[in-house]
Colleague: 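Please find one structure pasted underneath; my questions will follow.
Note that the coordinates shown come from a computational prediction; the quantities given were computed from them, not determined experimentally. Here is the naming used below: chain letters follow the sequence lines, and residue numbers restart at 1 for every chain. Values reported hereafter were calculated over all heavy atoms of this structure, with side chains retained and with hydrogens, waters and symmetry mates removed.
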There are 2 protein chains.
Amino acid sequence: MNIGEAARLSGLSAKMIRYYEEIGLIVPDRTPGSQYRVYGTHDLHRLGFIRRARDLGFSVEQMRTLLALWQDRDRASADVKAVALAHIAELERKQAAIAAMTKTLKDLVSACHGDARPDCPIIEDFAAGP
Amino acid sequence: MNIGEAARLSGLSAKMIRYYEEIGLIVPDRTPGSQYRVYGTHDLHRLGFIRRARDLGFSVEQMRTLLALWQDRDRASADVKAVALAHIAELERKQAAIAAMTKTLKDLVSACHGDARPDCPIIEDFAAGP
DNA sequence: TCTTGACCTTCCCATGATGGGAAGCCCTAT
DNA sequence: ATAGGGCTTCCCATCATGGGAAGGTCAAGA
């Protein structure tokens, strides 16, 4: 099948599939005459893997590692788990940062009348020196 | 003062201060001869405001809005609150997305032995079709 | 058989916020 | 006067993604 159908079936955009090829994640065959990309069942399976990993927030480099581990039938499951754990740690780091911002903002928001008057603890907080 | 000291005092990098100038958030005076940027107390105050807003995750466009509201002594506190609430909503959206990824990953990780054997529920999940 | 329209190709550019680095100017202390 | 540190502008890179232009390919219908 061509890239359009592969995109539809995988849920990735054709743009991104070409990008993933450019960086070596998936390299399909080409039709001899037209140079159209041709995706077979194997490629489609690989695209599905990429899609799933991407939706779970893995970086392109992590996906590269995971794809290699997938292909390596003798890898230790510990190797896969390590990649997943590293990603979880990163997600939790981001989550903590967001939670801290949210908490501060909610405190400020709850102190603000939110009416037509100009005095506002939010702005005042921002304007207060360190 | 010059940009280096302004950077030190505000906690922003000189690079970023120049960038904020380029996009019109803060425009300092220049020394007539040398074209060095010169930051006064007013500028420093503004940089502090930017720093605080940035650390709370506001986008540059939101900072632009907030700076304008700060300068406008007649704004309604509701206007400020609306910006903050919109940002909180965005943070919570991101937080929910991260939490969903984290949950899925943790489930997969807990199902994975993480030893020397090759069978791994994580990879298997990724490889499973939609 | 020819045309039309949908699809494909490559190439360039943009995003947002940030950093790196080069080439060259300015100022101050020795 | 010279050295060194700070400043300037300019260009490039990140990461994953989308937009769009110019042009090639293919299949279906007249």
Colleague: For the pair made of CZ in Arg8(B) and P in dC7(D), what is the distance, rounded to whole Å?
Modeller: 7 Å
Colleague: Rounded to the nearest angstrom, tell me the gap between atom CD in Glu61(B) and atom C1' in dA17(C).
Modeller: 12 Å
Colleague: Out of dT10(C), dT8(D), dA16(D), which has the shortest distance to the side chain of Arg18(B)?
Modeller: dT8(D)
Colleague: To the nearest Å, how far apart are Lys94(B) NZ and dG16(C) P?
Modeller: 13 Å
Colleague: In this structure, how many angstroms lie between the P atom of dT9(C) and the CD atom of Gln35(A), rounded?
Modeller: 9 Å
Colleague: Among Glu21(A), Glu22(A), Glu5(A), exactly one meets salt bridge (Lys or Arg N to Asp or Glu O under 4.0 Å) together with Arg37(A). Which residue is that?
Modeller: Glu21(A)
Colleague: Between Met63(A) and Gly33(A), who's closer to the 5' end of DNA chain D by nearest nucleotide?
Modeller: Met63(A)
Colleague: Of all the choices, dT8(D), dC26(D), dT10(C), which nucleotide is nearest to the side chain of Arg30(A) once you look at every atom?
Modeller: dT10(C)
Colleague: Rounded to the Å, how far apart are Glu22(A) CD and dC12(C) C1'?
Modeller: 12 Å
Colleague: Measuring from the side chain of Ser34(B) (C-beta onward, heavy atoms only), which nucleotide among dT9(D), dT10(C), dC27(C) has the closest atom?
Modeller: dC27(C)
Colleague: Nearest heavy atom decides the nucleotide; on that basis, is Ser59(B) or Tyr36(B) closer to the 5' end of DNA chain C?
Modeller: Ser59(B)
Colleague: Kindly determine whether Arg54(A) and Arg51(A) satisfy side-chain contact (heavy atoms from CB on, under 4.5 Å), including the steps that lead there.
Modeller: CA-CA 5 Å; Arg54(A) 192 202 60 172; Arg51(A) 168 79 199 278; 3.7 Å; yes
Colleague: Among dT9(D), dT18(C), dT9(C), which nucleotide sits nearest the side chain of Arg54(B)?
Modeller: dT18(C)
Colleague: From C-beta outward on Lys15(A), which listed nucleotide comes closest to its side chain: dT8(D), dC11(C), dC10(D)?
Modeller: dC11(C)
Colleague: Taking the nucleotide of DNA chain D with the closest heavy atom to each, which residue, Thr31(A) or Met16(A), is nearer the 5' end?
Modeller: Met16(A)
Colleague: Between Ser10(B) and Leu47(B), is there a donor-acceptor pair closer than 3.5 Å when you use the side chain of the first and the backbone of the second?
Modeller: no
Colleague: Once you round it to whole Å, what is the distance between C1' of dA16(D) and CG of Asp55(A)?
Modeller: 13 Å
Colleague: Can you find an N or O donor on one side and an acceptor on the other, under 3.5 Å apart, linking the side chain of Tyr19(A) with the base of dG18(D)?
Modeller: no
Colleague: Leu12(A) CG to dA16(D) P: how many Å, rounded?
Modeller: 13 Å
Colleague: Between atom CZ in Arg37(A) and atom P in dC7(C), what is the gap in whole Å?
Modeller: 17 Å
Colleague: Can you check side-chain contact (heavy atoms from CB on, under 4.5 Å) on Leu44(B) and Met1(B), steps first, answer last?
Modeller: CA-CA 10 Å; Leu44(B) 212 56; Met1(B) 72 190 66; 3.9 Å; yes
Colleague: Where does the angle between the aromatic ring planes of Phe126(B) and Phe58(A) fall among parallel (under 30°), tilted (30 to 60°) and perpendicular (over 60°)?
Modeller: perpendicular
